[in-house]
2 protein chains.
Amino acid sequence: MDALFLVWLVARSTEDLLDSALAPSGLTGDEYAIYSVLSAAPTITPTELARWLAAPATTVSSYVKRFEARGHVTREPNPDDRRSYRIRLTPKGRRAHRAAGALFAPLRTEVAERLGSRAEDALEVLLRLRTVVDGIRAGA
Amino acid sequence: MDALFLVWLVARSTEDLLDSALAPSGLTGDEYAIYSVLSAAPTITPTELARWLAAPATTVSSYVKRFEARGHVTREPNPDDRRSYRIRLTPKGRRAHRAAGALFAPLRTEVAERLGSRAEDALEVLLRLRTVVDGIRAGA
DNA sequence: CCCACATGGTGCGATCTCGCAGTACATCTG
DNA sequence: CAGATGTACTGCGAGATCGCACCATGTGGG
């Protein structure tokens with residue numbers, strides 16, 4: 001068994017679980033995660049967001065357009081760079097995120113319970129994995 | 001920090017890393033993983049494959065069509081159920097998988113090295129996560 | 001100060017993903 | 001051994017992802 005392959009399997013299962021659980025909120029698992037990133041920072045540029053998501057710029061561009069059309073996000077001018085802009089979750093966007101969060105919470109709890117004493121390990125391992133993979137991605 | 005969210009972040013990074021690394025082989029990260037599942041079992045039905053991938057039947061159907069068009073996969077009648085069929089990797093498909101595997105190997109090694117002593121933990125945690133998530137998905 | 005080159009974003013189009021609805025076969029019930 | 005109900009798969013179409021080519025702006029060298 002290989003760690004990267006397992007990451008992939010776990011991710012598929014997780015994605016499916018979240019998509020089902022969050023469906024009533026109107027957000028997909030991916031979208032919930034993205035909204036979570038957005039709500040963690042008051043404001044963020046597309047490039048920064050792309051780095052967090054490890055997604056291509058074009059995809060992020062589509063996200064912003066979609067979320068903006070929903071009224072969940074606004075663009076503000078970026079004082080530091082006129083080519084760019086800053087993305088901000090609107091109150092409506094925050095509400096959507098909270099609503100999805102309410103559906104997400106029970107899963108979070110359930111997973112923590114089932115992990116039992118290994119919950120701590122799991123967090124540490126995952127953080128380390130992200131560091132390792134990003135390190136390799138960054139070029140060495 | 002939440003385990004499920006971290007799973008998602010790690011998966012995005014991993015996917016990006018694999019897509020870049022495997023590009024010369026003509027397979028994406030997803031496809032490499034699927035070919036890996038296919039090569040682990042001599043033969044598999046679409047429904048079984050869908051369970052492994054935690055993917056909807058329709059998506060698996062598209063996969064099979066695509067891989068078949070590449071000559072990487074064949075369909076054989078399923079003696080147990082005439083609605084179904086069995087998917088088998090062709091020699092050409094195996095070759096493609098091996099070629100991608102050659103590009104994958106260095107990453108595997110690199111990740112293992114960087115994880116160091118935690119490599120064992122990582123595997124265990126990931127396996128446990130898959131069990132936990134699948135358990136919840138299965139309904140309780 | 002200008003120019004060459006690097007970087008931030010987007011329109012467009014090819015390709016994927018996946019829900020819905022439909023068909024074919026299997027299985028269960030009486 | 002029907003008839004009803006469930007399960008395996010697929011055509012189709014809507015929406016999502018993302019590479020390529022492109023424009024606008026920033027930056028570093030001479």
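To find a chain, count down the sequence lines: A is the first, B the second, and so on, and within it residues start at 1.
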Nearest whole Å is fine: how far is [N] [atom2] from [X] [atom1]?
X	N	atom1	atom2	result
B/D81	D/dT7	CG	P	12 Å
B/D16	D/dT17	CG	P	15 Å
B/L49	D/dA8	CG	P	14 Å
B/D19	D/dT17	CG	P	14 Å
A/I34	D/dA16	CD1	P	11 Å

Under 3.5 Å: donor-acceptor pair, side chain of A/N78, backbone of A/S84: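 Not a single qualifying donor-acceptor pair exists.
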Let me spell it out: for each of A/A55 and A/D80, pick the nucleotide of DNA chain D with the closest heavy atom. Which residue's pick is nearer the 5' end?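 Final value for this comparison: A/A55.
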Need to verify one output field. Residue with the more 5' nearest nucleotide on DNA chain C, A/V64 or A/R83?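 With A/V64 and A/R83 compared, the 5'-side residue is A/R83.
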Which nucleotide, [options], lies nearest any side-chain atom of [X]?
X	options	value
A/T45	D/dC18, C/dG9, D/dT17	C/dG9
A/T58	D/dG19, C/dT17, D/dC9	D/dG19
B/R70	C/dC18, C/dC16, D/dC20	C/dC16
A/R66	D/dG11, C/dC18, D/dT17	D/dT17

Compare side-chain N and O positions of [X] against OP1 and OP2 of [N] and report whether any pair is under 4.0 Å apart.
X	N	answer
A/R75	C/dG8	no
A/K65	D/dA16	no
A/Y85	C/dT10	yes
A/T59	D/dC18	yes
A/R82	D/dG26	yes
A/Y63	D/dA16	no

Tell me what B/N78 touches on the nucleic acid: a base, only sugar-phosphate, or nothing, going by heavy atoms under 4.0 Å.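 Nothing: the residue B/N78, judged by heavy atoms under 4.0 Å, touches no strand.
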Base, sugar-phosphate alone, or nothing: which one does B/S84 contact when heavy atoms must sit under 4.0 Å apart?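 Result for B/S84 = sugar-phosphate.
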Student check: side-chain heavy atoms of A/P77 and A/Y85 closer than 4.5 Å: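 Not touching, per the 4.5 Å side-chain cut-off.
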Would you say the side chains of A/S13 and B/D134 form a donor-acceptor pair under 3.5 Å?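 Short answer, yes.
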Can you check whether any acceptor in the base of C/dG9 is under 3.5 Å from a donor in the side chain of A/S61, or vice versa?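 There is none.
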Side-chain ion pair, B/E124 and B/R128, N-O less than 4.0 Å: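 B/R128 and B/E124: not salt-bridged.
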Do the charged groups of B/R70 and B/E31 touch, with an N to O distance under 4.0 Å?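 Yes, this pair counts.
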